[in-house]
2 protein chains.
Amino acid sequence: MKISIIKIGGNVIDFPEKLDEFLKLFSKFPGHKILVHGGGIMASRFGESLGVMPEMVDGRRITDKDTLDVVTMVYAGLINKQIVAKLQALKVNSIGMTGADGNLIRSIKRPVKDIDYGFVGDIKEVNTKLIDHLLKGDLLPVVNAITHDQKGQLLNTNADSIASALATSLAADHQVNLYFCFNKSGVLIDEKNENSIIPLINEDIYQELKKENVIHSGMIPKLDNAFEALMKGVNHVWIGKAENLLLATKGKLSGTTIERHRYDLY
Amino acid sequence: MKISIIKIGGNVIDFPEKLDEFLKLFSKFPGHKILVHGGGIMASRFGESLGVMPEMVDGRRITDKDTLDVVTMVYAGLINKQIVAKLQALKVNSIGMTGADGNLIRSIKRPVKDIDYGFVGDIKEVNTKLIDHLLKGDLLPVVNAITHDQKGQLLNTNADSIASALATSLAADHQVNLYFCFNKSGVLIDEKNENSIIPLINEDIYQELKKENVIHSGMIPKLDNAFEALMKGVNHVWIGKAENLLLATKGKLSGTTIERHRYDLY
């Protein structure tokens, strides 16, 4: 079957009106789909109210026990259930999940090398049978950034990694497309001009753009991740703004589509 | 099929060791089962840390917007996901849910008469097809006390009512037993003596015990609820301590079993 995996981040979640607008678009997105979300600034705000301050080591965020409790409450409780309730109002039969629910995503606590990241999970396995069972029941999974180690420990996990892991695991049996919504209109030729979107990137174009220094810094890991997903069997990866998501399914210019080899997308 | 619905409250949830011990017992409980939980004092504690004080009107707790956010975070986030992760460690494939997830429980905001209870839900409908689908997939639902109105609003709902509604709705197609774990060993002849358990109550015995004032005050609504569930087709209702739950399935004296007519339980 054809499955779309759509990831949204703080730039949608943190603004109730933008979230409502996005969910309306999402409800019209055709075919089987899975929504993946992180937490945005809401977790930090609640953490601070509770006196749980973000702990940083060498500029990296550490998930201690209290921070894990806060992100579990905010991601798996508040944000996830508000999204599910809003989708239900749009007649989309969504079901909210962490990686612990139905053993959806098993991860391991990141091994300590130079830095102890605390209760952070690196993904090991996705229960694709569960997804198949839910989709067969016309349920739409809304997956948040909490996973578990199958030994009773919840773990804070990168939401982009969750979207990629779901996509690559499901790609073994399904035709999977992966959509990353972020704060830019796509990969841009001029990062100050939102109209300078590069509509299509494949491996050859990517190498060329890196050489010419059009693609640099923060965009490189994003694209490396995209190509890794393609290597593992994902059909195509899209990067763009949440509000342009539906255009992406209609073959209209709306963001950057990343493919392995093909030049002709539509 | 045979389904057991087991409800636990604050006297288990609030004590990590008691919760672990209970979940071990629960994992051995035979047959299809659903766990229902409330929140205990954890929600009040987090609420107070966030400066959200429990609002009371005429001795009744009011769920305002901030309180709803807190209970959603604590019930659906922290407690529910910790229980699910612990059950996964016990090789029980649990899936945590609010009433919004998969449209499991639709409720309506309690109408304002003398008191405006705020965002409190009165249950209207249970999606038994969803439960059937999950049980068929060998998933064990862990249901918390948040429901929704299918118009996008989450609602705080009594966990006992959720357990009863699940039981009576599923009783149409299944053989359902309902277990309420609370802080007493059962219905007691002498409320100060935990060994004075009345092992079996039916309608005749109940009327007799009320007349003799053996059953009074807080126990009457509990038993009225139990008889209502029996009237609606539930097989039997059990009331007792969480640690004695497994004895209940073995026909050993462990709490009070409530049945409509039959004297011979086992």
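Note that the structure is predicted; figures quoted are calculated from it, not measured. Lettering of chains follows the sequences in order, A, B, ..., and the numbering in each one begins at 1.
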(request) Report the distance from atom CG of B/Leu104 to atom CD of A/Gln88, rounding to the nearest 0.5 Å. (result) 10.0 Å
(message) Given heavy-atom pairs under 4.5 angstrom as the criterion, report whether the side chain, backbone, both or neither of B/Phe46 touches chain A.
(response) both
(message) Does any part of the side chain of A/Asn93, heavy atoms only, come nearer than 4.5 Å to the side chain of B/Leu130, both counted from C-beta?
(response) no
(message) Which one wins on heavy-atom pair count under 4.5 Å against chain B: A/Met97, A/Gln150, A/Arg106?
(response) A/Gln150
(request) Check each of A/Val74, A/Leu154, A/Asp69 against B/Leu78 using the side chain to side chain contact (heavy atoms under 4.5 Å, CB included) test, and report the only one that passes. (result) A/Asp69
(request) For each of A/Asn80, A/Leu139, A/Asn103, tally heavy-atom pairs with chain B at distances under 4.5 Å, and name the one with the top tally. (result) A/Asn103
(message) Please report the interatomic distance CE(B/Met42) to CE(A/Met73), rounded to the nearest 0.5 Å.
(response) 9.5 Å
(request) Would you give the length of the straight line joining atom NE2 of A/His148 to atom CD of B/Gln82, rounded to the nearest 0.5 angstrom? (result) 14.0 Å
(message) Please give me the minimum heavy-atom distance between A/Leu50 and B/Ser49, naming the atom from each residue.
(response) CD2-CB, 3.3 Å
(message) Between A/Ile95 and B/Ile95, is there a side-chain heavy-atom distance shorter than 4.5 Å?
(response) yes
(request) Could you tell me which non-hydrogen atom of B/Ala89 sits nearest to which non-hydrogen atom of A/Gly152, and how far apart they are? (result) CB-N, 3.4 Å
(request) Could you tell me the separation between the NZ atom of A/Lys136 and the NE2 atom of B/His133, rounded to the nearest 0.5 Å? (result) 8.5 Å
(message) Among B/Thr98, B/Thr72, B/Asp101, exactly one meets side chain to side chain donor-acceptor pair (under 3.5 Å) together with A/Lys81. Which residue is that?
(response) B/Asp101
